[in-house]
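Note that the coordinates shown come from a computational prediction; the quantities given were computed from them, not determined experimentally.
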Amino acid sequence: MTHAGAHDPMLVLLSVVIAALASFTALDLATRIRASTAWVRHVWLAAAAVAMGGGIWAMHFVGMLAFSVHGIEVSYDLSLTLLSLILPILVTAFGFFVASRHGLDMPTLLLSGLAMGLGIAAMHYTGMAAIRLDATMHHQFFWVVVSILIAIAAATAALWLAFRRTSLHQRLLAAVVMGLAVSGMHYAAMQGAVFTFDSPMPHAASHGSVSQTPLALWVTATSALILILALLAASYDRHLAHRAAREARALKESEERFRLLVQSVTDYAIFMLDRDGFIANWNAGAERIKGYSTDEVVGSHFSRFYTPEDIAAGVPSRALETAARDGKFEHEGWRVKSDGSRFWASVVIDPIRDEQGELLGFAKVTRDITERKQTQAALEKTREALAQAQKMEAVGQLTGGVAHDFNNLLMAVLGSLELLRRRVPEDPKILKLIDNAIQGAERGAALTQRMLAFARRQDLKPEPIDLPDLVRGMADLLKRSIGPRIHIETRFPLGVPRVLADSNQLELALLNLAVNARDAMPQGGHITIAAREESGGGDTRLPEGRYVCLSVADTGQGMDAATLARAQEPFFTTKGVGKGTGLGLSMVHGLAAQSRGRLVLISQLGQGTTAEIWLPVTEAAATGSVALIPEAQRPTRPETAAARRILVVDDDVLVLENTSAMLEDLGHTVLAARSGPEALKILQEGRGCDLVITDQVMPGMTGLQLAEKIWADQPGQPLILATGYADWPAGAYPDLPRLTKPFDQETLSLAVDTATKDLESGGAVLAFRPKGA
């Protein structure tokens with residue numbers, strides 16, 4: 001008798017669910033296979049094989065437990081049942097391994113699917129062989145073929161889906177389809193199973209069998225637990241993988257941003273060194289500053305950027321040692337570019353260590369600060385020049401003040417000696433002593449004029465000067481002054497522009513320079529006087545404009561740097577005692593500065609000296625040849641045209657009394673005042689006067705301020721300004737008569753007659769007003 005048996009619907013449904021859950025779990029675990037490497041990949045492959053193979057077996061066995069024959073107790077052989085469990089796990093692992101190892105090309109997929117499908121079919125029929133019941137079982141060939149084909153197709157689809165990137169929804173749909181396919185394979189095979197019963201037999205249980213109901217519950221619970229745990233493990237691993245991927249992506253983005261940042265920096269050379277100092281990378285700034293491309297420099301030693309002197313001194317190795325020991329190395333020095341040129345670099349080297357403190361290499365940052373160094377050097381040079389200028393200015397102010405006071409003293413001495421000489425008896429011995437005193441005072445006056453020239457407080461009379469004519473006009477004087485052992489040569493190109501200067505003072509300056517050159521050549525030599533046109537601005541320390549450089553060069557012993565730095569200071573001299581005052585170059589310096597030019601000294605020890613006077617060019621017509629004023633003869637008593645009433649104003653009592661005495665000796669009536677307010681008071685009291693002679697520099701009220709107050713009340717009042725300074729306000733009263741201190745009686749008489757000459761004819765006297773008013 002034959003019987004096809006029956007299936008429990010609930011267990012059938014449970015088997016389908018188990019198949020679908022196993023398929024979903026296997027597909028989910030397959031994603032971890034694709035995402036893993038090395039041994040972790042094999043772990044997930046084994047887990048997927050256990051989930052897929054074990055799930056298929058669980059589906060099969062629950063399906064078997066769902067089968068029953070009416071009235072017959074079904075049991076299972078334990079050994080064959082365990083064998084049926086091992087078979088799908090092994091063939092599934094084989095299929096996954098081959099597909100993951102060799103990819104999803106069609107031959108590999110078909111071969112793996114065939115082996116895996118046959119193994120699953122073998123699992124089914126091994127499980128069928130484990131059935132123990134009192135009947136003979138055989139299988140219909142058609143359904144065997146159908147079940148094998150379904151197994152092969154399901155296995156191939158499982159492998160194809162396992163190694164494709166699918167979404168969660170796609171995996172769920174594929175799991176349902178595969179669950180139905182695998183269950184279909186099982187129930188198709190069961191459809192072909194036919195049981196033949198010879199006669200009713202009592203139920204017998206062998207020692208190697210397990211009852212049906214407990215086994216179904218155990219298989220279902222175990223399978224569900226394994227699959228759920230596998231899904232949880234995959235989910236957790238996916239979470240870890242996603243977090244690791246996010247961190248890796250963030251790290252990669254951070255590294256990329258850092259790389260872009262470093263590459264974008266062009267003002268700094270930033271690169272890495274290994275522990276031995278070999279270059280590992282190279283940024284755009286390094287290429288710009290040092291001139292090497294990445295291919296040229298990576299792999300070479302960083303000492304190639306150092307100068308040969310630094311390499312010989314071991315500077316590169318000491319730099320790395322210092323950075324490793326102290327945590328940082330900072331230094332400034334010369335570095336070499338690819339073309340061999342040098343630049344001044346600021347270098348910082350920092351060590352790079354791992355979490356354990358192990359030295360991995362160094363980070364090196366280099367900046368080209370050549371421009372800053374040049375600027376600092378220029379600033380230091382400017383500071384030195386400023387300090388020198390301030391020192392010279394301070395010395396000039398001191399010198400000018402001393403010269404002014406000394407001028408007043410000399411004026412009192414000279415005036416008194418001159419008056420005394422006219423009053424003493426004609427005793428030759430007494431007159432000789434007085435004449436010696438007068439000569440000494442005159443030499444003192446000449447000394448003060450040089451001091452005032454250095455202080456730029458002398459009274460200059462600038463005029464257009466033709467330099468070749470001026471030098472030719474004083475040629476004889478120069479030859480007599482320097483002697484026959486010195487040869488003078490002049491070099492003037494055609495068309496030398498005229499300059500604006502005081503001709504007398506310029507002649508005196510040239511004479512001083514020639515005498516200095518003579519003294520520097522005791523054994524004889526050569527002096528060259530030349531001129532050339534130059535432009536101001538730039539390094540000349542002069543305003544923009546046209547200048548003529550008048551130079552006096554000698555072939556003497558020259559000066560060292562220390563002497564050259566002090567050469568223009570007043571009273572500084574290298575000559576012996578009594579051979580020089582130290583005011584010659586100081587006077588030339590003051591003349592050039594007061595003429596809106598400058599004095600430049602160029603000298604080296606043993607190579608002679610060149611003194612250059614830079615003077616501004618003028619477009620005005622030349623006044624013709626000029627010559628030195630010969631030394632004035634000692635004056636005789638001047639005769640005056642008419643006696644005048646004169647107000648003398650001076651804050652220095654000695655000068656005031658001396659000037660008054662000289663005027664009274666000339667026959668004038670003198671009113672004396674020691675300040676501007678006192679002079680105004682005298683005039684306001686109605687004590688009128690024909691002429692006012694006032695000092696310029698007085699406390700409280702200057703001579704010009706006094707003049708303006710006088711002219712406000714008495715327009716046209718004749719006035720003479722007496723001063724030893726040249727500090728005349730720009731554009732103020734250019735025609736106002738002036739007396740330069742110290743002055744003698746003849747000069748004073750001439751000034752008085754000139755200032756009051758209009759009174760002789762009863763004409764109007766010039767009312768002085770500022771220039772341009």
Side-chain angles (χ1 to χ4, degrees), residues 255 258-385 387 539 560-562 564-565 604-607:
E255 290 176 346
F258 181 74
R259 186 188 68 81
L260 292 174
L261 172 65
V262 172
Q263 286 297 327
S264 300
V265 174
T266 57
D267 288 337
Y268 292 83
I270 304 174
F271 52 96
M272 309 291 291
L273 307 174
D274 65 13
R275 289 183 297 180
D276 297 322
F278 289 92
I279 302 168
N281 53 40
W282 197 245
N283 82 324
E287 184 171 346
R288 184 188 70 82
I289 292 174
K290 297 180 182 290
Y292 293 96
S293 66
T294 303
D295 295 336
E296 289 178 305
V297 79
V298 170
S300 61
H301 199 269
F302 84 111
S303 60
R304 69 186 301 173
F305 309 130
Y306 285 74
T307 62
E309 310 90 76
D310 286 346
I311 295 175
V315 173
S317 58
R318 285 205 304 273
L320 297 185
E321 292 171 1
T322 302
R325 181 184 67 249
D326 300 337
K328 178 176 283 190
F329 172 79
E330 293 185 75
H331 181 66
E332 290 185 6
W334 290 110
R335 295 294 182 270
V336 182
K337 295 186 178 182
S338 60
D339 58 3
S341 61
R342 297 188 177 191
F343 67 99
W344 189 259
S346 171
V347 178
V348 177
I349 302 178
D350 291 305
I352 302 175
R353 302 182 183 275
D354 59 17
E355 296 179 354
Q356 288 73 38
E358 184 70 21
L359 180 65
L360 301 178
F362 301 90
K364 190 171 186 290
V365 180
T366 302
R367 187 181 183 189
D368 184 353
I369 57 171
T370 306
E371 184 176 348
R372 190 182 77 182
K373 180 177 176 60
Q374 291 173 344
T375 302
Q376 288 178 341
L379 179 60
E380 289 299 325
K381 186 176 181 180
T382 303
R383 285 175 177 171
E384 291 176 2
D539 296 334
D560 57 24
L564 184 64
Q604 289 188 10
L605 197 62
Q607 298 184 18

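Within the 4.5 Å cutoff, the side chain of Arg335 has no heavy atoms near those of the Asp368 side chain. Considering only heavy atoms from C-beta on, Arg367 stays 4.5 Å or farther from Val347 through its side chain. For the pair Glu332 and Arg372, the minimum side-chain heavy-atom distance is below 4.5 Å.
The list of ring-ring contact (aromatic ring centres under 6.0 Å, His included) pairs with a residue in residues 337-363, not counting sequence neighbours, reads Trp334-Trp344. Sorted by first then second residue, the salt bridge (Lys or Arg N to Asp or Glu O under 4.0 Å) pairs that include residues 261-288, not counting sequence neighbours, are Asp267-Arg288, Arg275-Glu358. Pairs passing the side chain to side chain donor-acceptor pair (under 3.5 Å) check and including a residue from residues 315-331, sequence neighbours excluded, do not occur.
Rounding to the nearest 0.5 Å gives a distance of 4.0 Å between CZ of Phe302 and CG of Leu320. How far OG of Ser303 is from CD1 of Ile311: 5.0 Å, rounded to the nearest 0.5 Å. The line from NZ of Lys337 to CZ of Arg342 is 13.5 Å long, rounded to the nearest 0.5 Å. If you take CG on Asp354 and CG on Leu360, they are separated by 4.5 Å, rounding to the nearest 0.5 Å.
Residues passing the side chain to side chain contact (heavy atoms under 4.5 Å, CB included) test with Ala280 are Met272, sequence neighbours excluded. Partners of Val298 by side chain to side chain contact (heavy atoms under 4.5 Å, CB included), not counting sequence neighbours, listed by chain and number: Trp282, Thr294. Legend: residues meeting side chain to side chain contact (heavy atoms under 4.5 Å, CB included) with Glu296, ordered by chain and number and at least two apart, are Tyr292, Ser293.
By the 6.0 Å contact criterion, CD on Glu309 is enclosed, its count of non-hydrogen atoms from other residues, nucleotides or ligands being greater than 12. Crowding of Gln604 atom CD: a count of heavy atoms from other residues, nucleotides or ligands under 6.0 Å not exceeding 12.
Considering every non-hydrogen atom in both Ile279 and Phe271, the closest pair reads CG2-CD1, 4.2 Å. The heavy-atom pair separating Ser341 from Asp339 by the smallest distance is OG-OD1, 2.6 Å. Counting all heavy atoms, side chain and backbone alike, Ile349 lies closest to Ala323 at O-CB, 3.6 Å. Here the closest heavy-atom approach between residue Leu359 and residue Pro351 is recorded as CD1-CB, 3.9 Å. In plain terms, the two heavy atoms of Tyr306 and Val315 that are nearest each other are CE2-CG1, 3.8 Å.
Using modelled atom types, one finds no donor on one side chain facing an acceptor on the other under 3.5 Å when comparing Lys373 with Thr375.
A donor-acceptor pair under 3.5 Å links the side-chain atoms of Asn283 to the main chain of Ile270, judged by distance alone.
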